[in-house]
Every structure is written in structure tokens, then in C-alpha cells.
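Here the structure is laid out as C-alpha cells; the discussion comes afterwards.
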Amino acid sequence: MNEGQINSSPKYSREFLRQLPKVELHRHLEGSLRLTTLVELARDLGIEIPPTEQQVIDDFLVTKPMKDLESVLKKFMRTQAVLSSEEILARITFEAIEDACHEGIRLLELRWAPFYIADGHPGLTPEKILRGIKMGLKMAQELPIAVGFISIVQRIHSLEEAEQVLQLTLDHRDFFVGIDLADNEVGFDPTHFEKIFSRAQAQDLPITIHAGEAPFAEASLNVKKSIELLGAQRIGHGLQIFRDPFIMSLVRQKGIPLELCPTSNWLTQSVPSLEAHPIRQLMEAGIPVTINSDDPGIFGIDLVHEYQVLSEIHHFTEAEFNNCNDVAAQASFIPRMQKQKFWPRPIHNLR
Ligand SMILES: [Zn+2]
């Protein structure tokens with residue numbers, strides 16, 4: 001891109017981007033805590049808090065590129081400690097939905113991993129966690145936003161546990177809109193979970209899979225396997241396919257939307273810089289791309305920040321933002337009536 005194009009690109013204010021109706025398909029509930037809430041809860045639980053705000057940020061958040069994805073996942077363990085009761089889960093759920101409203105999000109999918117939250121809290125069973133989150137959703141029911149929840153199978157854990165997550169999801173189909181496979185991909189092949197996701201497909205449960213995130217040799221192949229063997233209807237991240245024209249054309253032909261999260265991808269070093277993110281290349285190649293924040297609480301960002309990044313660095317136009325959002329509105333697993341109630345434009349091929 002030459003300088004002339006950069007100069008002629010429109011610039012949008014944060015307020016303009018905030019007011020743009022948006023869809024968030026990829027946001028982890030456990031990664032969406034307000035920093036003020038995190039500090040307050042940690043203090044209540046007797047967890048030591050560093051004396052200065054900067055030290056708190058350094059201790060709990062990821063605001064600079066980490067060595068690799070695994071070290072970022074380790075940071076999550078710091079926030080995990082405060083998720084210790086149904087009431088706390090209700091509070092953080094309500095606040096996550098309220099924050100999304102303030103960001104101009106009209107359709108919000110929040111995902112969470114039952115065993116990640118339960119870990120280290122012996123009294124907190126997946127059923128109790130679910131009850132707390134449902135309570136938070138109820139507290140937010142008057143807000144002008146459609147919300148759907150996705151359960152997460154952790155690829156670093158056992159098949160037995162994966163089976164339990166699937167069962168919980170199937171037992172609460174009125175609550176969950178889909179299921180996901182997450183965590184560090186390196187060394188954890190998607191095919192290991194084929195049986196779990198075949199069962200999900202047989203039950204008509206919508207599937208999204210974290211794949212093709214970190215830049216390692218099998219990244220693109222993981223996207224292919226996730227689509228062909230696990231039945232993924234959307235891919236979490238998937239950005240590494242830009243290296244593989246064959247898999248790019250497979251994703252394009254099948255019309256599988258990618259849930260891209262630029263700042264997350266930079267902080268986990270999936271891309272060396274925000275400038276190097278392949279989002280525009282993928283979009284211009286005809287891949288359905290959507291814009292997401294992943295873990296706004298952990299990264300100290302919000303979805304509006306991601307729009308600022310794309311506007312300022314990748315020169316996204318209002319029309320391109322709207323198109324990404326219409327793609328996301330269509331791809332959202334939230335039931336059709338609920339989606340259309342909050343989305344300003346017609347959603348085609350409604351689920
Ligand atoms: Zn994610």
C-alpha cells in the first residue's frame with residue numbers, strides 16, 4: 001500500500017466506532033473481568049494486591065507481546081483464582097454483558113470453560129457455575145443486546161472431561177448456543193476429539209473450533225481437520241491459513257467465517273506486529289472475516305479498540321466494518337428471532 005492510499009483513508013473517531021452496531025462472536029467470559037472488579041474480588045479473597053496500578057496491570061494483564069501462547073494462558077490462572085462462587089460468576093457475567101452494551105455490541109456470544117472455572121474451587125461444580133452465570137444473564141435481561149453462551153472443551157484436558165462438557169451443553173440446550181475446542185494447539189491434535197464433536201454434530205449443536213492460531217507447522221492443517229473432521233462451522237482465529245492457498249480456498253468455498261482477534265494475535269505472538277496481521281489479505285481473498293476481542297479484560301482492551309486498530313493500521317472503511325458485522329450476525333449461533341430483534345439490518349439465511 002502506498003502513502004497516497006494511507007492519506008486518503010478515512011479516519012473514524014472512537015465514539016463513531018463505539019456507536020457502530022457490532023457483533024462479538026469470540027469473547028471469553030473468564031477473560032472479560034473489569035480490572036476494578038478483579039482487584040476488589042482478589043482483595044475480598046485475601047489475595048495480595050501490588051501497591052500501584054501499574055504493578056496490578058503488570059501482574060494480572062497481558063499488555064505487551066508474550067513469549068508464546070502458553071505463557072499467556074498461564075496469566076489466566078491469576079484471574080481464575082477469584083472465580084470462587086455463584087454470586088461472583090453472576091456479577092462478572094452481568095458486568096461483561098453491560099460492558100459489551102457500552103461498546104455498541106448488539107449480538108454477543110460469550111464462551112467459557114466449565115472445568116477451567118471449577119479448577120481450584122472444590123465446591124464449585126459445573127452445574128453450580130452454570131447457575132451463577134444464568135443468574136448474571138437474568139440480571140442483564142433488560143439490556144438492549146442478544147446474548148448466547150458457548151461451552152469450551154479444553155484440548156489440554158482428558159476426553160472424559162470433554163465428554164462431561166458436551167453432556168452439560170446438551171443437557172442445557174436452552175442456554176448454550178454452541179460448543180468450542182480451545183487452549184494451546186501445539187501438540188494437541190484436533191482429531192483426538194473427533195468422537196466428541198461427531199456427537200455434537202449428530203445432536204445438531206453448532207460448533208466453532210480454535211485452530212490455526214499460533215504460527216507452527218500444523219496450524220493450517222488444524223483448520224482443515226477442524227472443518228472436515230470436527231464439523232466446525234466457524235474457526236476461532238484461523239489466521240495462519242494465509243500461508244496456505246489450498247486451505248484458504250477450502251475455507252472460502254465452504255464459507256467458513258474466521259473469528260479474528262488482532263490484538264490477541266499480536267500479544268500471543270501469532271503475528272509479529274499489528275501491521276503484519278493478515279486480516280485484510282484474508283478479507284480480500286473472499287474469506288468471511290469477523291472482528292473480535294477474545295479476552296478484553298486480560299488484554300486491557302475492548303472491541304472498539306480493535307476497530308480503531310483496523311481503521312488506523314489496516315484502513316478499514318465503514319462499509320467494510322458493516323460487512324464484517326453482517327457476516328458475523330449471520331454466522332452467530334444465537335437463534336434467529338433473538339438476533340434479528342437487536343440487529344439493525346436484515347440477516348440472511350437465518351438460523
Ligand atoms: Zn479464544
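Counting convention: from 1, in listed order, for ligands and their atoms alike.
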Under 2.8 Å from the Zn ion (ligand 1), which protein N, O or S atoms are there? Could you list them by chain and number? H26 NE2, H28 NE2, H210 NE2, D294 OD1
F316 ring centre to R280 NZ or CZ under 6.0 Å, with the angle to the axis within 45°?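 Positive - R280 is close enough to the ring of F316 and near enough to its axis.
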Does the pair D183/R155 count as a salt bridge with the N-to-O cut at 4.0 Å?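 Answer for the salt bridge query: no.
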Sequence neighbours left out, what passes side chain to side chain donor-acceptor pair (under 3.5 Å) with S32? Give chain and number order.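 Result, side chain to side chain donor-acceptor pair (under 3.5 Å) vs S32: none returned.
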The test is side chain to side chain contact (heavy atoms under 4.5 Å, CB included); show your working for E306 and N292 and say whether it passes. CA-CA 7 Å; E306 298 305 272; N292 305 275; over 6 Å; no
From D302 atom CG to Q308 atom CD, the distance as rounded to the nearest 0.5 Å: 7.5 Å
Nearest 0.5 Å please: distance from the CH2 atom of W343 over to the CG atom of L107.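 Answer for the CH2-CG pair, W343 versus L107, is 6.0 Å.
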